[in-house]
J.: 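Can you read through this structure? Questions will come right after.
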Amino acid sequence: MTDVRLIHAQWSSRTAFILAASGSAIGLGNIWKFPYLTGENGGGAFVLIYLLCVIGLGVPIMMAETMLGRRGRQSPINTMRTLADEAGASHLWRYAGWLGVLAGFLILSYYSVIAGWSMIYILKMGSGIFAHTDAEAVARVFSSLKGEPEIQFIWHTVFMVATMSIVSLGVSAGLEKGTRYLMPVLFAMLILLVLYAMTSDGFGQGIAFMFKPDFGRLSGESVLTAMGQAFFSLGLGMGAIMVYGSYLPAHVSIARASLFVAAADTLVALLAGMAIFPIVFANHLEPSMGAGLIFQTLPLAFGQMPGGTLFGMIFFVLIFFAAITSSIALIEPAVAWLAENRGLARQAASFWCGLGCWLLGLGTVYSFNDWAGYTWLGKNFFELIDFLTSDLMLPLGGLAIALFAGWVMTSEVSEAELEMGPGPGYRCWRFLIRYVAPLGVMTIFLKALGAF
Ligand code: TRP
C-alpha cells in the first residue's frame, strides 16, 4: 500500500519550492525592468533574443543550479567547495559561489531603491492625484521624485529594514503562504490591464513593437542586455535558486519545477509589456524613456479606469510583495554564508548585510539627481552596478554552473540527482548544459565585445 503521508509530504514540499522559486523569479525584473529594457533596446528583436536565452540557457541552468543546491545542501560557497571535492576538482570553483554572493549583494542595493519607488507610488496612487490626469502631469510627478534624494532615501531605508527583518526572523515561510495567494492576484490584475490596453488606440502598435523583430535595431550590447535580463528575471547565476534547491527533498522533479517557474516568470514579463506599450503609444510617449517607464505609464491607465485609484494602489502593493520575495532571495546567500562560516547569529548576519546594501544603495539614490553627472563609460552609478551584475556577473555565474554541472560532475551523479532516467529528457538537458549554454554565453560575450 502507498503511504499517504509520504505522498502528501512530497507534494507540499514541491509546492513550497515552486512558491519560493517563483517568488524569487517574479519581481521588479518582470514588471519594471523587462518593459523598460525592451523599450530601450528597440522592441521585438530584443524580446526574441530574451526568449531564446530563457529557453536555451535559463531553463537548463536553472535545473543545474537547483540540482547543485540539492546535492550540496549548504550555502552556495560551501556547496561549490563540497561538490568540487566530491568530483575531485579544484577548490577554485568556490569562487563561483563568491561571485554569486557579491552579485546578490550589489543587486539588492539598487533593487531596494526601486522597490522604494513602488512603495511611494502606493501612496501616490491612493491619494487620487492621478485621476483623469495626462501624460505631462504624470511625467512631472515622476521627475520630481527622481530629483528628490530625501524621499527616496526614506523609502529605500524602509524597504531595506523590511527585507532584513524578514530575513533575520526567518519568517519567509509566512511570506511563502502570502506568495501563494498574492501571485495569482498579481497575475489577474495584469490580465485586467492587458484587457484594458486592448481597448486603447495604442494596442496594435504596442503589440507590433514587442513582437515584430527588427534586427537592424539590435546592437551587440542589446544582445548582452537580453541575456543579462534572462538571468536576472529568472533569478539565476548567483546561488539564490541553489539555496532554495538545498531545501528541496529528494524525488521532486527538478525539471518540471524549473519549467513551471520559467514559464510563469516569462508570462508575467510579457503581460507587463503588453499592458505598458499600448499606453506608451496611445499617449505618444517614448518607449525608450528608461527606468521611469512603468511609473510614467501605469498611472495614466489607472487614472482613466473606473475604480482606478483603488486598483492602482492594489497593483503597487502587489509589486511591493513581488519585490520583497525577490529581495530575500538576493541576500540569502550572503546571510547564509556569514552564518555558516563566520559563526554569526542569523540576526547579526542579516543586520550587517542589510547595512552594507543600504549604504551602497545611497549611490543609486544619488545617481538620479545630485550625482547624475558622474558617469563612467557613459553610465551613472546605478547603471554601472546594473551592468556589472546583470550583464557580466550573472552570466559568468551561470557559465560556471553550466560548466560545473556539465563537465565536472559525472553523468552518473547528475542523472541520479535529476531523476529523469537516462531517456531523451536527460539527454536533451545534458546537451544543453554542456554545449548550448556555455557556447551561448561565450558567443554573446564576444559579440558584445564587437568580435563579430
Ligand atoms: N528575479 C528577480 C526579479 O525579477 C530578482 C532576483 C531575485 C534575482 N533573485 C535573484 C536576480 C537572483 C538575480 C539573481 O525581480
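Keep in mind that the numbers below use all heavy atoms, side chains included, and drop hydrogens, waters and symmetry copies. In this chain, residues are counted from 1 in sequence order. Indexing begins at 1, ligand by ligand and atom by atom, following the structure's order. Please read these numbers as outputs of a predicted model, since none were measured by experiment.
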J.: Heavy atom to atom 9 (N) of ligand 1, shortest distance: which of A115, G237, S24 holds it?
T.: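 Looking at heavy atoms only, the winner is S24.
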J.: Could an N or O of ligand 1 be found under 3.5 Å from any N or O of L234, whether backbone or side chain?
T.: no
J.: Between N380 and T375, is there a side-chain donor-acceptor contact under 3.5 Å, judged purely by atom types and distance?
T.: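 Judged by distance alone, the side chains do not pair up.
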J.: How about R73: does its CZ atom have over 12 heavy atoms from other parts shown lying under 6.0 Å from it?
T.: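 Buried by this count: over 12 neighbours within 6.0 Å.
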J.: Out of all atoms in ligand 1, which are within 4.0 Å of some heavy atom of G29? Include the element for each.
T.: 3 (C), 4 (O), 15 (O)
J.: Distance under 4.0 Å to a non-hydrogen atom of S233: what atoms of ligand 1 satisfy this?
T.: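 Once the distances to S233 are compared, the set is 1 (N), 4 (O).
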J.: Any idea which part of D265 is under 4.0 Å from ligand 1, heavy-atom wise: side chain, backbone, both or neither?
T.: neither
J.: Please list, in number order, the atoms of ligand 1 under 4.0 Å from a heavy atom of N30.
T.: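 Per the distance check, 4 (O).
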J.: Do F320 and W155 have ring centres separated by under 6.0 Å?
T.: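 Not under 6.0 Å, so no.
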J.: Give the atoms of ligand 1, by number and element, whose distance to some non-hydrogen atom of L28 is under 4.0 Å.
T.: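 Under 4.0 Å from L28, ligand 1 has these atoms: 15 (O).
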J.: F315 pairs by ring pair (Phe, Tyr, Trp, His ring centres under 6.0 Å) with which of F302, Y121, F130?
T.: F302
J.: Does the side chain of E148 pick up a donor-acceptor pair with the side chain of N369 at under 3.5 Å?
T.: no
J.: Nearest protein heavy-atom contact for atom 4 (O) of ligand 1: which residue, which atom, what distance?
T.: A25 O, 3.0 Å
J.: Identify the closest protein heavy atom to atom 15 (O) of ligand 1: which residue and atom is it, and at what distance?
T.: Y111 OH, 2.4 Å
J.: Check each atom of ligand 1 against the heavy atoms of M238 and keep those under 4.0 Å away; list them by number with element.
T.: 12 (C), 14 (C)
J.: Side chains of S222 and S219: donor-acceptor distance under 3.5 Å anywhere?
T.: yes
J.: Is the OH atom of Y95 crowded by more than 12 outside heavy atoms at less than 6.0 Å?
T.: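 No, not enclosed.
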J.: Which residues pass the side chain to side chain contact (heavy atoms under 4.5 Å, CB included) test with L102, not counting sequence neighbours?
T.: L106, M393
J.: Taking distance alone, with no angle check, do F232 and ligand 1 share an N/O pair under 3.5 Å?
T.: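 N/O-N/O distance under 3.5 Å: yes.
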J.: Considering only heavy atoms of L394, which atoms of ligand 1 have at least one such atom less than 4.0 Å away?
T.: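 Reading through ligand 1 atom by atom, the close ones are 13 (C).
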